[in-house]
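Some notes on the structure that comes next.
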Amino acid sequence: MDMDGLDSTALEQVAVYFRALAEPSRLRLLNELRGGERNVTELTRALGTSQANVSKHLAVLLQAGVVERSMRGTSAFYRIADPNTYKLCELVCGQLGRRFEAESVLRREFIASIGGPRRRR
């Protein structure tokens, strides 16, 4: 399925999903969930932040359908809802890597064209 032909309501849902991924703390949570299901205490420890902060970010990811939650006694365990989410992240990281490399090449070419880095006197 692609975005071609999606109506406004469907596009809004796509935007909600991307907004959920548009926060570094949430991406760190997803990285922590790569190894499998984790509870809030484990995730809090791994991220080195407050439980309230972790819970807030997990709620956003849960609402967007990025993660799933199951209860065991009094503990909530979270897992990635769809492993393809990691493929999306890898695509974005690959695109950024190519862009940064191209910018680096242009920067080196520019510096070479003006005679190299200038020294301050």
With sequence neighbours left out, what residues match [X] under salt bridge (charged side-chain N to carboxylate O under 4.0 Å, His left out)?
X	answer
R107	none
E103	R99
R45	none
E23	none

Between [X] and [Y] (side chain of the first, backbone of the second, donor and acceptor by atom type, cut-off under 3.5 Å), is there such a pair?
X	Y	value
S55	A52	no
E42	N39	yes
R79	V67	no
D82	T85	no

Greater than 12 external heavy atoms within 6.0 Å of Q63's CD: no
CZ (F18) with more than 12 external heavy atoms under 6.0 Å: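 At most 12 heavy atoms, drawn from other residues, nucleotides or ligands, come within 6.0 Å of this atom.
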Could you tell me whether the side chain of [Y] reaches within less than 4.5 Å of the side chain of [X], counting heavy atoms only?
X	Y	answer
Y78	V40	yes
L21	L30	yes
Y86	L91	no

Partner residues of R28 under the side-chain hydrogen bond (donor to acceptor under 3.5 Å, both in side chains) criterion, sequence neighbours left out: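 side-chain hydrogen bond (donor to acceptor under 3.5 Å, both in side chains) check on R28 returns nothing, list empty.
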Results of side-chain contact (heavy atoms from CB on, under 4.5 Å) for N31 - residues two or more places apart only: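 In terms of side-chain contact (heavy atoms from CB on, under 4.5 Å), with neighbours along the sequence ignored, N31 is linked to R34.
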Lys/Arg-Asp/Glu bridge criterion (N-O < 4.0 Å) met for R108, E101: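 Salt bridge flag = yes for E101 with R108.
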R72 to F77 six-membered ring, cation-pi geometry met (6.0 Å, 45°): yes
Working for side chain to side chain contact (heavy atoms under 4.5 Å, CB included), residues V105 and F110: CA-CA 9 Å; V105 168; F110 176 76; over 6 Å; no
